[in-house]
J.: 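Below you'll find the structure I mean.
What you are looking at is a predicted structure, and each value in this text was computed from that prediction instead of being measured. Both backbone and side-chain heavy atoms feed into the values below; hydrogens, waters and symmetry mates do not.
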Amino acid sequence: MNPINIALDGPAAAGKSTIARQVASKLSMIYVDTGAMYRAITYKYLKQDAPEDFQNLINHTSLELTYNPSKGQRIILDNEDVTDYLRENDVTQHVSYVASKEPVRTYAVQKQKELAIKKGIVMDGRDIGTVVLPDAELKVYMIASVDERAERRQKENELRGISSTLNQLKKEIEERDHYDMNRDISPLRKAEDAITVDTTSKTIEEVTEEILKLVENL
């Protein structure tokens, strides 16, 4: 099979990153976590007392993706590995806002497009199939119920030692869905040629196999 690009889109906690990693591993492709890029910029935004001059913030930002054999993809922000800080509650609560800003979006999308030029990329996010990789050979739109997504996020938080409650997470997910779907720049939406995969009540392995079968049928 010739090299292809795979775009995985969907709302928060639909399982995109986990599934994208699995698919990339099974197909010996490169996984690009676009959400981590926006989280890194959000992390910097918060560390600088939330400045509203986003163009200036981006002008003084260096962001690189590297691969560590034992730790996987790492995010290097201004020469510092910030990967382990990107799932903190404060970052999660502000990332949609920061990612909606035009200078931030333009900067990140350009980097994402550059990474995908040579093909062989599995990329997940909210505007991959519609904006970043509109010509991707396979586009998948992943969904799951709010209840299940909140439960998944709660388990992730527990593993990371982050304090949260299911009710709090349901509210945050619903608010983020609304914000992502209604923002002016690159809103979350399903590409016309994307295939919907509902991950509710499915295991990681089941969803991975479902997407691998879609690849086989290309």
J.: Taking the side chain as every heavy atom from C-beta outward, state whether Thr34 and Val132 have any atom pair closer than 4.5 Å.
T.: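 They are not in side-chain contact.
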J.: Hey, does the side chain of His178 reach the backbone of Glu174 with a donor-acceptor pair shorter than 3.5 angstrom?
T.: no
J.: Between Tyr43 and Val98, is there a side-chain heavy-atom distance shorter than 4.5 Å?
T.: no
J.: Should Asp9 and Met142 count as side-chain neighbours, where that means a heavy-atom distance under 4.5 Å?
T.: no
J.: Between Asp78 and Lys44, what is the shortest heavy-atom contact and its length?
T.: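 What the structure gives for the nearest pair is OD2-NZ, 2.9 Å.
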J.: Give me the one residue out of Arg39, Glu172, Arg87 that meets side chain to side chain donor-acceptor pair (under 3.5 Å) with Thr92.
T.: Arg39
J.: Does the pair Lys111/Glu64 count as a salt bridge with the N-to-O cut at 4.0 Å?
T.: yes
J.: Val23 and Leu27: side-chain contact (heavy atoms from CB on, under 4.5 Å), yes or no, with the steps?
T.: CA-CA 6 Å; Val23 170; Leu27 297 174; 3.8 Å; yes
J.: Is the shortest side-chain heavy-atom distance between Leu169 and Asn157 below 4.5 Å?
T.: yes
J.: Compare all side-chain heavy atoms of Ile121 with those of Met29 and state whether any distance is below 4.5 angstrom.
T.: no
J.: Determine whether Leu133 and Met123 make a side-chain contact, defined as any pair of heavy atoms from C-beta on separated by less than 4.5 Å.
T.: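 With C-beta onward as the side chain, the pair touches.
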J.: Inspect the surroundings of OH in Tyr97 and state if more than 12 heavy atoms from other residues, nucleotides or ligands are less than 6.0 Å away.
T.: yes
J.: Applying side-chain contact (heavy atoms from CB on, under 4.5 Å) to Ser100 and Tyr179, what does each step give before you reach the verdict?
T.: CA-CA 9 Å; Ser100 72; Tyr179 190 93; 3.0 Å; yes
J.: Assess whether side chain to side chain donor-acceptor pair (under 3.5 Å) is satisfied between Glu80 and Tyr85, documenting all intermediate values.
T.: CA-CA 11 Å; Glu80 177 188 358; Tyr85 306 113; 5.1 Å; no
J.: Can you tell me if Thr83 and Asp81 form a side-chain donor-acceptor pair at under 3.5 Å?
T.: yes
J.: Hey, is the main chain of Gly129 close enough, under 3.5 Å, to the side chain of Lys139 for a donor-acceptor pair?
T.: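 Yes: the side chain of Lys139 pairs with the backbone of Gly129.
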J.: Any chance CD of Glu114 has more than 12 other-residue heavy atoms, nucleotides or ligands included, within less than 6.0 Å?
T.: yes
J.: Which heavy atom in Asp33 sits nearest to a heavy atom in Asp124, and how many Å separate them?
T.: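 Taking every non-hydrogen atom into account, CA-OD1, 3.8 Å.
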J.: Thr208 side chain to Ile19 main-chain N or O, any donor-acceptor pair under 3.5 Å?
T.: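 Not a single qualifying donor-acceptor pair exists.
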J.: Can Glu209 and Lys26 be counted as an ion pair, charged N to O under 4.0 angstrom?
T.: no
J.: Among side-chain atoms of Thr165 and Asn167, is any donor-acceptor pair under 3.5 angstrom?
T.: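 No.
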J.: With the threshold set at 4.0 Å, does a side-chain nitrogen-carboxylate oxygen contact exist between Asp127 and Arg183?
T.: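 Salt bridge absent between Asp127 and Arg183.
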J.: Please determine whether the number of non-hydrogen atoms from other residues, nucleotides or ligands lying under 6.0 Å from atom NZ of Lys119 exceeds 12.
T.: yes
J.: Can you tell me if NZ on Lys47 sees more than 12 non-hydrogen neighbours from other groups inside 6.0 Å?
T.: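 Check fails, neighbour count at 12 or below.
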J.: A quick test of your reading: do over 12 heavy atoms of other residues, nucleotides or ligands sit less than 6.0 Å from CD1 of Ile76?
T.: yes
J.: Any side-chain heavy atom of Thr42 within less than 4.5 Å of one from Asp90?
T.: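 Thr42 does not reach Asp90 side chain to side chain.
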J.: Would you say Ile143 ends up clustered with Leu138 if hydrophobic residues are merged whenever their side chains have heavy atoms under 4.5 Å apart, either directly or through other cluster members?
T.: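 They do not share one cluster, since no chain of ILVMFWY contacts under 4.5 Å joins Leu138 to Ile143.
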J.: Does a side-chain heavy-atom distance below 4.5 Å link Arg149 with Arg153?
T.: no
J.: Answer with yes or no whether the side chains of Tyr31 and Gln22 bring together a donor and an acceptor at under 3.5 Å.
T.: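 No, because no side-chain N or O of Gln22 sits under 3.5 Å from a partner of the opposite role on Tyr31.
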J.: Counting only heavy atoms not in Arg189, do more than 12 sit closer than 6.0 Å to its CZ atom?
T.: no
J.: Heavy atoms only: give me the nearest Thr61-Tyr107 pair and the separation to one decimal.
T.: O-OH, 3.5 Å
J.: Would you check if there is a donor-acceptor pair between the side chains of Gln55 and Asn59 at a distance under 3.5 Å?
T.: yes
J.: Ser96 and Asp180: which non-hydrogen atoms are nearest, and at how many Å?
T.: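 Smallest interatomic distance, heavy atoms only, reads OG-OD1, 2.9 Å.
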J.: Run the side chain to side chain donor-acceptor pair (under 3.5 Å) check on Thr200 and Asp198 step by step: do they pass?
T.: CA-CA 6 Å; Thr200 306; Asp198 190 340; 2.8 Å; yes
J.: Short question: side chain of Arg152, backbone of Ala14 - any donor-acceptor pair under 3.5 Å?
T.: yes
J.: Closest approach of Ile128 and Gln112, non-hydrogen atoms and distance?
T.: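 Between these two residues, the closest heavy atoms are CD1-OE1, 4.3 Å.
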J.: Near Asp184 CG, under 6.0 Å, is it more than 12 heavy atoms from other residues, nucleotides or ligands?
T.: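 Counting other residues, nucleotides and ligands, CG of Asp184 stays at 12 neighbours or fewer.
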J.: Compute both the distance and the angle, then confirm whether Arg105 meets the cation-pi test with Tyr38: under 6.0 Å from the six-membered ring centre, within 45 degrees of the axis.
T.: yes
J.: Restricting to non-hydrogen atoms, name the atom on Gln154 and the atom on Ser164 that form the minimum distance, rounded to 0.1 Å.
T.: OE1-OG, 2.6 Å
J.: Just by modelled atom types, is the Ala116 backbone N or O under 3.5 Å from a matching donor or acceptor in the Asn5 side chain?
T.: yes
